[in-house]
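Written out below as structure tokens is the structure these notes cover.
None of the values given here were measured: they were computed from a predicted structure. One is the number of the first residue; the rest follow in order along the sequence.
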Amino acid sequence: MKFALLALLLGAASVLAAEKPLVLWPNGAPGALGTAAKDIPTLTPYLPAKPNNAAMLLIPGGSYSGIYEGQAEPFALWLNEQGITVFVLRYRLGSAGYRYPAQLQDAVEAMFQIRGNAAKWKIDPQRIGVMGFSAGGHLVSTLINRPEDGMILGSDRTVSPRPDLAILCYPVISMITKPHATSRKMLIGDQPDEKLVRQTSSELQVKPGLPPVFLWHTTEDKLVPVDHAQLYAAALHQNNVPHELHLYQHGDHGTGLIGTEHPWFADLLFWLKAQGFVK
């Protein structure tokens, strides 16, 4: 653990540091309920010292009721060490009164801005991935499954909001099978209709042609059961979507944070190299 912490500190020294957060919707988010910080989603760029022209939209978890910062900047810096330019999304939350698809609207807009400004950030518009944890993993799965739900009518965009790969870390997936109660309530409310429940159950929304997916979970996870990752992997397999599923025996929800020793870091880097995102 001491080695990992030392490596992080040394690595941070070679990062250009975070840019100023960008207001995602300068004229106000669609359906904004106010003008407080909770109503203003942001995108924070993290620029590596030695960029490899790949980028990652990073989406922290927090049960759709908060933003867990331990899954934000620490992982942005770690990805920077691999040469990846990172954009951390802080999206609107159910605890602030926002229901689906507000969160997806923020993720779609983030992708539009990243890919639409690829030249500015010196990134390859065909090497933009997305990575999310827990409820953030659910938002990632929704972004690749149903980006159209987050499109704003009348907006004229010339780029696609769908990422080129996706990384889901102990994700919330299903609103039907062993659902995570808080995430479900914060996203779709107490009494959602059946159509909305199915629409937000990502295992039911997979289709052929989705980008490659890396997902991992622990079988001891007591907060979000491992069934979620297994259901999503099965759906990916049935639809011939390239993917890797890693199930680790030990560890509760939130295992494998920065500062800990865990094989998932090496497994992910191996996969990212195969996808051409890391040299």
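With hydrogens and angles left out, the side-chain atoms of Gln113 and Glu109 include a donor and acceptor closer than 3.5 Å. Between the side chains of Ser174 and Glu203, at least one donor N or O lies within less than 3.5 Å of an accepting N or O.
Rounding to the nearest 0.5 Å places CD1 of Ile114 at 5.0 Å from CG of Leu43. Rounding to the nearest 0.5 Å gives a distance of 6.5 Å between CD of Gln71 and OG of Ser134. Atom CG in Leu215 sits 7.5 Å away from atom CD1 in Ile173 (nearest 0.5 Å). To the nearest 0.5 Å, the span separating CG on Leu272 from CG on Asn52 amounts to 9.5 Å. The CZ atom of Arg146 lies 11.5 Å from the OG atom of Ser141; values are rounded to the nearest 0.5 Å. Remark: Leu196 CG to Ser201 OG distance equals 9.0 Å, nearest 0.5 Å.
Side-chain atoms of Ser183 and Ser63, non-hydrogen and from C-beta on, do get closer than 4.5 Å to each other. Between Ile188 and Tyr100, some side-chain heavy-atom pair lies under the 4.5 Å cut-off. Side-chain atoms of Met151 and Phe112, non-hydrogen and from C-beta on, do get closer than 4.5 Å to each other. Annotation: side chain of Met131 is not in contact with side chain of Val140 (no heavy-atom distance under 4.5 Å). Side-chain contact between Val206 and Asn239 is present, with at least one heavy-atom pair separated by less than 4.5 Å. The shortest distance between side-chain heavy atoms of Arg184 and Thr182 does not fall below 4.5 Å. Taking the side chain as every heavy atom from C-beta outward, Lys122 and Pro51 never approach each other to under 4.5 Å. Contact of the Thr218 side chain with the Leu247 side chain is not registered, since no non-hydrogen atoms from C-beta on lie closer than 4.5 Å.
Heavy atoms only, all atoms of each residue included: Arg115 and Arg162 are closest at NH1-O, 3.0 Å. Of all non-hydrogen atoms in Val88 and Arg90, the two that sit nearest each other are CG1-NH1, 3.7 Å. Nearest approach of Glu220 to His250, heavy atoms of both residues: OE2-ND1, 2.9 Å. Contact record, Gly256 with Phe75: O-CZ, 3.7 Å, taken as the closest heavy-atom pair. Nearest approach of Leu89 to Ala110, heavy atoms of both residues: CD1-CB, 4.2 Å. The heavy-atom pair separating Val23 from Pro26 by the smallest distance is O-CD, 3.8 Å.
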Let me see the working for Thr142 and Asp149 under side-chain contact (heavy atoms from CB on, under 4.5 Å), right down to the final yes or no.
-> CA-CA 9 Å; Thr142 310; Asp149 287 0; 5.6 Å; no
Going through the distances and angles, do Asp252 and Tyr170 end up as a side chain to side chain donor-acceptor pair (under 3.5 Å)?
-> CA-CA 10 Å; Asp252 205 348; Tyr170 40 89; over 6 Å; no
Chi angles and distances behind the side chain to side chain donor-acceptor pair (under 3.5 Å) call for His262, Thr255 | CA-CA 8 Å; His262 197 281; Thr255 291; 5.7 Å; no
Go through the steps to decide whether Leu165 and Ile167 satisfy the test side-chain contact (heavy atoms from CB on, under 4.5 Å), and finish with yes or no.
-> CA-CA 7 Å; Leu165 60 75; Ile167 302 162; 4.2 Å; yes
Any chance you could lay out the side-chain contact (heavy atoms from CB on, under 4.5 Å) test for Met56 and Ile128, step after step, and finish with the verdict?
-> CA-CA 6 Å; Met56 193 75 68; Ile128 302 173; over 6 Å; no
Applying ring pair (Phe, Tyr, Trp, His ring centres under 6.0 Å), run through Phe265 and Trp78 and close with a yes or a no.
-> CA-CA 10 Å; Phe265 293 103; Trp78 181 75; 5.4 Å; yes
Check against side-chain contact (heavy atoms from CB on, under 4.5 Å), Gln105 and Arg92 | CA-CA 9 Å; Gln105 289 171 346; Arg92 287 172 289 167; 3.2 Å; yes
Is there a side chain to side chain donor-acceptor pair (under 3.5 Å) between Glu73 and Tyr46 once you walk through the steps?
-> CA-CA 8 Å; Glu73 182 167 284; Tyr46 286 79; 2.6 Å; yes
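With Asp106 as the partner, the side chain to side chain donor-acceptor pair (under 3.5 Å) test is satisfied by one option alone out of Tyr91, Trp25, Tyr98: Trp25. Looking at Gln199, His138, Arg198 one by one, the single match for side chain to side chain contact (heavy atoms under 4.5 Å, CB included) with Met175 turns out to be His138.
In terms of the side chain to side chain contact (heavy atoms under 4.5 Å, CB included) criterion, residue partners of His246 (sequence neighbours excluded) are, by chain and number, Phe214, Trp216, Glu244, Tyr248, Asp267.
Surrounding CD of Gln126 are at most 12 heavy atoms belonging to other residues, nucleotides or ligands under 6.0 Å away.
Formation of a donor-acceptor pair under 3.5 Å by the Asp124 side chain with backbone atoms of Ala54 is not found in this model. Panel note: side chain His243, backbone Val241; a donor-acceptor pair is recorded below 3.5 Å. Panel note: side chain Lys178, backbone His228; no donor-acceptor pair is recorded below 3.5 Å. Counting only distance, with no hydrogens or angles, the side chain of Asn117 and the backbone of Trp121 share no donor-acceptor pair below 3.5 Å. Between the side chain of His217 and the backbone N or O of Leu168 there is no donor-acceptor pair closer than 3.5 Å.
Other residues sharing a hydrophobic cluster with Phe270 under the 4.5 Å side-chain heavy-atom criterion for ILVMFWY residues do not exist; the residue is a singleton.
Following chains of ILVMFWY side-chain contacts shorter than 4.5 Å, one can reach Leu204 starting from Leu187, so the two form part of one hydrophobic cluster. Under the 4.5 Å side-chain contact rule for hydrophobic residues, Leu77 and Leu268 share a cluster. Phe87 and Ile40 fall into different hydrophobic clusters, where Ile, Leu, Val, Met, Phe, Trp and Tyr are joined by side-chain heavy atoms under 4.5 Å apart, directly or via other members. The hydrophobic clustering, which links ILVMFWY residues whose side-chain heavy atoms are closer than 4.5 Å, places Ile144 and Val159 together. Follow the hydrophobic side-chain contacts under 4.5 Å out from Leu143 and you never reach Leu231; the two are in separate clusters.
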